[in-house]
Number of protein chains: 2
Amino acid sequence: MKTKKLERLQSAGWKVGNTEDFLQLSDEEARLVALKLSLTSAVKKSRIKRKLSQIDLAQRMKSSQSRIAKIEAGDPSVSLDLIVRALIASGATTRDIQVAFTTN
Amino acid sequence: MKTKKLERLQSAGWKVGNTEDFLQLSDEEARLVALKLSLTSAVKKSRIKRKLSQIDLAQRMKSSQSRIAKIEAGDPSVSLDLIVRALIASGATTRDIQVAFTTN
DNA sequence: TCAGTATATGTCAATAATGACATATTTGCA
DNA sequence: TGCAAATATGTCATTATTGACATATACTGA
């Protein structure tokens, strides 16, 4: 069931809400979260593939190691902008990004 | 040349920077901006296709009409998160999103 | 033309995301 | 094992993004 998935996300720290519009928003939110998660794993994959440490990647995109760690950990505080920036900075091609989008 | 493109983006209000790391970051920034722009036009396309007004879409995603206008106008203050949320809320399929990503 | 509807633009207080930092934990290898 | 490099986690002041609002402008049909 879909509830399982939401529980997982919620326990991971994602705000999924539980008011009367829970069912309304949950689907869209879940899609967004799923998309984010698939992109974050793409970041890690791309970074490893290019043999970059988190510090290396952080320097490339003028961020910090802890931020990169949070990106890859799927931390809810990380924006989609930052995730995609990381993807690009890690050397991912447009195709790689598309694939990441596909795999959600 | 690439400079032309950056000038266009800059004049549209995008911070593209002009310090010594201009050339370093410009490529990645430009890719991100291009991606955002292609997604914003996908939002408009999807919204129109479903015959939704900006107010309709705003209500669906609990945002405001002015925000939707800014999304579609490619306003630099709009995050990728919000753009993708709008895409999803407008009824775009995962495929639609992929296509938007492809067309950049 | 005009009225009604839709969209655009500017502003701002509230909120969310950020880099930086300290520090904890894990990993890999001699 | 033990050391060093890498990664993870928590916190916080600064900065970016947000919805809401007012209002301007564009569009459409009568």
Side-chain angles (χ1 to χ4, degrees), chain A residues 11-17 19 21 24-25 28-29 32-33 35-37 39-41 43-90, chain B residues 9 11-17 19 21 24-25 28-29 32-33 35-37 39-90:
Chain A
S11 72
W14 292 93
K15 287 189 235 154
V16 290
T19 53
D21 47 40
Q24 293 272 338
L25 288 181
E28 301 167 359
E29 276 302 311
L32 181 61
V33 170
L35 177 60
K36 278 190 175 192
L37 291 182
L39 288 172
T40 58
S41 74
V43 167
K44 184 162 192 172
K45 213 168 290 184
S46 174
R47 176 179 68 78
I48 299 293
K49 186 175 177 181
R50 273 86 177 181
K51 298 186 198 298
L52 299 172
S53 69
Q54 291 183 344
I55 290 180
D56 292 336
L57 179 52
Q59 286 172 341
R60 283 188 180 215
M61 57 185 287
K62 310 221 164 185
S63 182
S64 61
Q65 179 269 326
S66 57
R67 271 287 131 207
I68 306 296
K70 278 158 193 162
I71 290 171
E72 295 183 356
D75 190 296
S77 82
V78 176
S79 75
L80 192 50
D81 294 72
L82 196 66
I83 296 170
V84 173
R85 251 193 228 114
L87 251 184
I88 294 172
S90 75
Chain B
L9 297 172
S11 72
W14 292 92
K15 286 189 234 154
V16 290
T19 54
D21 47 41
Q24 292 273 338
L25 289 181
E28 300 167 359
E29 276 301 312
L32 181 61
V33 170
L35 178 59
K36 278 190 175 192
L37 291 182
L39 288 173
T40 57
S41 75
V43 168
K44 184 163 192 173
K45 213 168 289 183
S46 174
R47 176 179 68 79
I48 299 293
K49 186 175 177 182
R50 273 85 177 182
K51 298 187 198 298
L52 300 171
S53 68
Q54 291 185 343
I55 290 180
D56 293 336
L57 180 53
Q59 286 173 340
R60 281 188 181 217
M61 57 185 286
K62 310 221 165 186
S63 182
S64 61
Q65 179 269 326
S66 57
R67 269 288 130 209
I68 305 296
K70 277 158 194 162
I71 290 172
E72 294 183 358
D75 190 296
S77 83
V78 176
S79 74
L80 192 50
D81 293 73
L82 196 66
I83 296 170
V84 173
R85 252 193 227 113
L87 250 184
I88 293 172
S90 75

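Since this is a predicted model, take the numbers as computed values, not measurements. Below, chains carry the letters A, B, ... as their sequence lines are ordered, and counting in each starts from 1.
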Round to the nearest Å and state the distance from A:L52 atom CG to D:dA6 atom P.
11 Å
Looking at B:R47 and B:D56, is there a salt bridge between them, counting it only when a charged N and a carboxylate O are closer than 4.0 Å?
no
Name the closest nucleotide to the A:L82 side chain, picking from C:dG19, C:dA8, D:dT9.
C:dG19
Output the rounded distance in Å from CG (B:D81) to C1' (C:dA17).
9 Å
Within the 4.5 Å heavy-atom criterion, are B:R85 and A:E29 side-chain neighbours or not?
yes
Could you please name the option among C:dA8, C:dG10, D:dT7 that lies closest to any side-chain atom of B:S66?
C:dG10
Please state whether the base of C:dC21 and the side chain of A:S64 form at least one donor-acceptor pair under 3.5 Å?
no
Do the side chains of A:S63 and A:Q54 get nearer than 4.5 Å, heavy atoms only?
no
Could you give the distance from CG (B:L80) to CG (B:L35), rounded to the nearest 0.5 Å?
6.0 Å
Regarding C:dG10, can its base be found pairing with the side chain of B:K70 as donor and acceptor, where the two atoms are less than 3.5 Å apart?
yes
Whole-Å distance, A:R67 CZ to C:dA20 C1', equals 10 Å
What is the distance, to the nearest angstrom, from the CZ atom on A:R85 to the P atom on C:dT18?
8 Å
Toward the 5' end of DNA chain D, which comes first, B:Q65 or B:L80, by nearest nucleotide?
B:L80
So, OP1 or OP2 of C:dG19: does either fall under 4.0 Å of a side-chain N or O from A:S63?
yes
Remember a base hit wins even if backbone is also touched, and classify B:I68 as base, sugar-phosphate or nothing at under 4.0 Å, heavy atoms.
nothing
Could you state the CD1-P distance from A:I71 to D:dT9, rounded to the nearest angstrom?
14 Å
Rounded off to whole Å, could you give me the NZ-to-C1' distance for the A:K44 and D:dT7 pair?
8 Å
Can you find a side chain N or O atom of A:S79 that sits less than 4.0 Å from OP1 or OP2 on C:dT18?
yes
Under 4.0 Å from OP1 or OP2 of C:dT7: is there any side-chain N or O of B:R47 that close?
yes
Listed nucleotide nearest any side-chain atom of A:E72, set D:dA8, C:dT9, C:dT18
D:dA8
Option passing side-chain contact (heavy atoms from CB on, under 4.5 Å) with B:I68 (candidates B:E72, B:Q65, B:K70)
B:E72
To the nearest angstrom, the CD1-P distance between B:I55 and C:dT5 comes to 10 Å
Give the rounded distance in Å between these two atoms: NZ of A:K51 and P of C:dG28.
14 Å
